[in-house]
Chemist: 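Handing you this structure, nothing more for now.
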2 protein chains.
Amino acid sequence: MKSFLAIAKALSDETRVRALLSLQGGELCLCQVVDLLRLSPSTVSKHMSVLGQAGLVARRREGRWIYYRLSGATPAARAALRWARRSLEGEKAIAEDARRVCCIRGKDLNEVANCCYKE
Amino acid sequence: MKSFLAIAKALSDETRVRALLSLQGGELCLCQVVDLLRLSPSTVSKHMSVLGQAGLVARRREGRWIYYRLSGATPAARAALRWARRSLEGEKAIAEDARRVCCIRGKDLNEVANCCYKE
DNA sequence: GCTATACTTCGCCAAGTGACTAAATGAAAT
DNA sequence: ATTTCATTTAGTCACTTGGCGAAGTATAGC
């Protein structure tokens, strides 16, 4: 029950849902997610941690850079990911995010990070 | 997005998940759900309202009695119900609830209501 | 070792939420 | 119309949560 609730809670916040679905096109670095969501790095870090605890995303470190990707760590998490992606498929905000993620991916990572930490 | 979040939020509380899945064996009257959950009627009423708003349950009135049943009002709600039921299939608490619901169904409705409102 | 940088954790605040009691509402019985 | 009864709504309280800035941690470069 605890893991089910952790997944449901992870998916009950719009910011986190947007962060999660922004990974559909492939993994992103934290600073890229920060750029997308336009929130503080600490807030985004916390949200990604919640998604990770729920088994919805996985992360890897490359030096100072932390990358997150979609990941269904458990059957419940996999099913929840399917649910979310199908349910929000035509959602305008998600489509807009996807468009912006493409731009962000085209930017130099250092530039993105510089922007998000120095304001 | 709003309806997706409403469903996810509805499913992020253990009490509400138990209330929802208690309906798997067929509709229940509010007082029966109260008896199962051992919470105040007002609390249960509010929880059922949240589930209804999310499109996960439907209700009908029969005089003073209000009955709730599982209902997937939207594709997202139906998929979420499937997710919840599958994910929590072997869950001990849910199985225990199902056992108790059988007992509660065998009790006279007036007796159940009397019990839950007078004490 | 020191400095710079990306990220994480801590502490704070305001808003949100689950549980309760009391009051209000709707339906049934008299 | 009044009373009884099942449920709903309103208000309160303690706890939780999303967002922030500051401090802490981990990594890279010199």
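The chains referred to below are lettered A, B, ... by the order of the sequence lines, with proteins before strands, and numbering in each begins at 1. Predicted model, so just to flag it, every value in this text is computed and none were measured.
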Chemist: Counting any heavy atom closer than 4.0 Å, what does A:Tyr67 reach on the DNA or RNA strands: base, sugar-phosphate only, or nothing?
Modeler: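 No contact.
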Chemist: Specify the separation, in whole Å, of atom CE of A:Met48 and atom P of C:dA6.
Modeler: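 My rounded result for the distance is 18 Å.
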Chemist: Among C:dT8, D:dA6, D:dT8, find the nucleotide with the atom closest to the side chain of B:Ala113.
Modeler: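 It is D:dA6.
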Chemist: Locate the shortest heavy-atom distance separating A:Leu81 from A:Gly72; write the atom from each residue and the value.
Modeler: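 Closest pair (atom of A:Leu81, atom of A:Gly72, distance): CD1-N, 4.1 Å.
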Chemist: What is the distance, rounded to the nearest whole Å, between atom CG of B:Asn114 and atom P of D:dT7?
Modeler: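 After rounding, the reported distance stands at 12 Å.
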Chemist: Grab the CH2-P distance between B:Trp65 and D:dA6 for me, whole Å please.
Modeler: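 After rounding, the reported distance stands at 5 Å.
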Chemist: Take the protein atom CG of B:Leu30 and the nucleotide atom C1' of D:dT9, then report the distance between them rounded to whole Å.
Modeler: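 Rounded to whole Å, this separation is 13 Å.
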Chemist: Quick one: what's the B/S/- string for nucleotides 13-23 of chain D, heavy-atom cutoff under 4.0 Å, read 5' to 3'?
Modeler: ----SSBBBB-
Chemist: Rounding to an integer number of Å, can you tell me how far A:Glu111 CD sits from C:dT5 C1'?
Modeler: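 Going from CD in A:Glu111 over to C1' in C:dT5 covers 16 Å.
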Chemist: Atom CZ of residue position A:Arg38 - does it have more than 12 heavy atoms of other residues, nucleotides or ligands inside 6.0 Å?
Modeler: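 Atom CZ in A:Arg38 is not packed in, count stays at 12 or less.
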Chemist: Could you go through nucleotides 25-30 of chain C and list every protein N or O atom that sits under 3.5 Å from one of its N or O atoms, giving the distance for each pair?
Modeler:
{"residue": "C:dA27", "atom": "N3", "partner": "B:Arg64", "partner atom": "NE", "Å": "3.3"}
{"residue": "C:dA28", "atom": "O4'", "partner": "B:Arg64", "partner atom": "NH2", "Å": "3.4"}

Chemist: D:dG29 C1' sits how many Å from A:Asn110 CG, rounded?
Modeler: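 Taking atom C1' of D:dG29 as the reference, CG of A:Asn110 is at 13 Å.
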Chemist: For B:Lys9 and A:Ser12, indicate whether the former's side chain and the latter's backbone hold a donor-acceptor pair under 3.5 Å.
Modeler: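 Yes: the side chain of B:Lys9 pairs with the backbone of A:Ser12.
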Chemist: How many angstroms lie between CD1 in B:Ile7 and CH2 in B:Trp83, if you round to the nearest 0.5 Å?
Modeler: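 If I round to the nearest 0.5 Å, the distance is 10.5 Å.
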Chemist: Are any of the side-chain nitrogens in A:Lys2 or B:Glu14 under 4.0 Å away from the carboxylate oxygens of its partner?
Modeler: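 Between B:Glu14 and A:Lys2 there is a salt bridge, with a charged N closer than 4.0 Å to a carboxylate O.
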Chemist: I'd like to know if A:Glu62 pairs up with A:Arg60 as an ion pair, taking the criterion as any Lys NZ or Arg NE/NH1/NH2 lying under 4.0 Å from an Asp or Glu carboxylate oxygen.
Modeler: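 Salt bridge flag = yes for A:Arg60 with A:Glu62.
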Chemist: Does CZ belonging to B:Arg86 count more than 12 external heavy atoms closer than 6.0 Å?
Modeler: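 Result for CZ/B:Arg86: open.
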Chemist: Under 4.0 Å between a side-chain N/O of B:Arg59 and OP1 or OP2 of D:dA6, yes or no?
Modeler: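 No, because none of the side-chain N or O atoms of B:Arg59 sits under 4.0 Å from OP1 or OP2 of D:dA6.
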Chemist: Atom CZ in A:Arg78, atom OG in B:Ser87: separation rounded to 0.5 Å?
Modeler: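 Reported to 0.5 Å precision, the distance equals 10.5 Å.
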Chemist: If I take atom CD1 in residue A:Ile66 and atom P in nucleotide D:dT25, what distance separates them, rounded to the nearest angstrom?
Modeler: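 In whole Å, D:dT25 P lies 16 Å from A:Ile66 CD1.
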Chemist: So, is A:Tyr117 close to the C:dC7 phosphate, meaning a side-chain N or O under 4.0 Å from OP1 or OP2?
Modeler: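 So the side-chain polar atoms of A:Tyr117 do come within 4.0 Å of the phosphate oxygens OP1 or OP2 of C:dC7, strictly under.
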Chemist: Roughly how many Å is it from CZ in B:Arg60 to P in D:dT8, rounded to a whole number?
Modeler: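 Between P of D:dT8 and CZ of B:Arg60: 14 Å.
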Chemist: Please give me the minimum heavy-atom distance between A:Ala80 and A:Leu11, naming the atom from each residue.
Modeler: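 Result for this residue pair: CB-CD1, 4.1 Å.
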